[in-house]
Amino acid sequence: MRNDKILREKFIKYYSPIFEEELIKQILEIGNFDKIKAGELLVDIGDDLTHIPLIFEGAVKVIRQAKEGGELALYYLKPGDTCAISFINCIETKKSVFEALIESDLEAVFVPVDKIDEWLVKYKSWRRYIIDSYHFRLMGMLESIDDLAFKGLHERLIKYLVEKANRSNKKTIQITHQEIANDLNTSRVVITRIMKQLQDEGKIISTRNKIKVLRLD
DNA sequence: ACATTAAGTGATT
DNA sequence: AATCACTTAATGT
């Protein structure tokens, strides 16, 4: 539509080692290249999914929402990822059962549904990519279930902070206790208390809207 | 200066 | 580990 040149170059750089040339050409021709700002809602529950994103910058948080208020961060999409869950949604023309929020400024190419299906037959690298994506998403969710079932909040919080810091490659993350509580499906007070404990142990420095992760990874 | 939002805390379940 | 009820601190207008 407009000046996508930089995005296209970035896409090529990231995906040409994975996809065969012909497929790259196809995506360049058909895909919608887009940038989306952090904080925006990419997919809401009930949305029709017409495209899947191939990400090459930023991160997306996929959230499960309970009917009555509760929510839980399930997994995160990073550069190189796509969400094959949305792919099956597309094929079945069902509505999304998850919410997807842009965690950090996103750059991705959006591929329409019908092409996904077509390429599965046509390109080996695409098949590999989609199948792997399924696998990774499943493992991501399994990990979330394990954490929820077998780990205490203390441990879950540490992991949350470390992973969040790693995703952005920064030691200092910008977030409130309330937001963390939402992602972990607990209350703010509990997060505040554990946070204080971690601070006393010298593992983090917590100030308003900011947490500096010191020695955890 | 005042209002709003984030974080800290004791007591109770 | 959750909830309540309140306090204190930081920030925006």
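A, B, ... follow the sequence lines: proteins, then strands. Residue 1 opens every chain. Because the structure is a prediction, the values reported are computed rather than measured.
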J.: Ion pair present between A:K95 and A:D47, side-chain N to carboxylate O less than 4.0 angstrom?
T.: no
J.: Going by the rule ring-ring contact (aromatic ring centres under 6.0 Å, His included), which residues pair with A:F19 if we only count those two or more places apart in sequence or in a different chain?
T.: A:Y15, A:W126, A:Y129
J.: Looking only at heavy atoms, which two atoms of A:Q199 and A:S206 are closest? And how far apart?
T.: OE1-N, 2.9 Å
J.: Using every non-hydrogen atom in the two residues, find where A:Q26 and A:W119 come nearest and quote the distance to one decimal.
T.: OE1-NE1, 3.0 Å
J.: Once side chain to side chain donor-acceptor pair (under 3.5 Å) is applied, do any residues pair with A:R127, and if so which ones, sequence neighbours excluded?
T.: none
J.: Apply side-chain contact (heavy atoms from CB on, under 4.5 Å) to residues A:D183 and A:K61 and explain how you reach the verdict.
T.: CA-CA 10 Å; A:D183 284 347; A:K61 175 170 75 180; 2.9 Å; yes
J.: What string of B, S and - do you get for nucleotides 3-13 of chain B, 5' to 3', if B is base contact, S is sugar-phosphate-only contact and - is no contact with any protein heavy atom under 4.0 Å?
T.: --BBBBBBB--
J.: Return the residues of residues 142-150 of chain A meeting this criterion: a heavy atom under 4.0 Å from some atom of DNA chain B. Order them by number, or give none.
T.: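 Those residues whose heavy atoms fall under 4.0 Å from DNA chain B, taken from residues 142-150 of chain A, amount to none.
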J.: Taking side chain to side chain donor-acceptor pair (under 3.5 Å) as the test, write out the residues that go with A:R167, two or more places apart.
T.: A:E103
J.: Taking all non-hydrogen atoms of both residues, which atom of A:T186 and which atom of A:L153 are closest, and how far apart?
T.: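 Heavy atoms of A:T186 and A:L153 come nearest at OG1-CD1, 3.5 Å.
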J.: Side chains of A:R193 and A:Q197, heavy atoms from C-beta outward: is any pair under 4.5 Å?
T.: no
J.: Is A:E179 salt-bridged to A:K164, going by a charged N under 4.0 Å from an acidic O?
T.: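 Salt bridge between A:E179 and A:K164, a charged N being under 4.0 Å from a carboxylate O: no.
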J.: Of all nucleotides in DNA chain C with an atom under 4.0 Å from a non-hydrogen atom of chain A, which is the first and which the last going 5' to 3'?
T.: C:dA1 to C:dT11
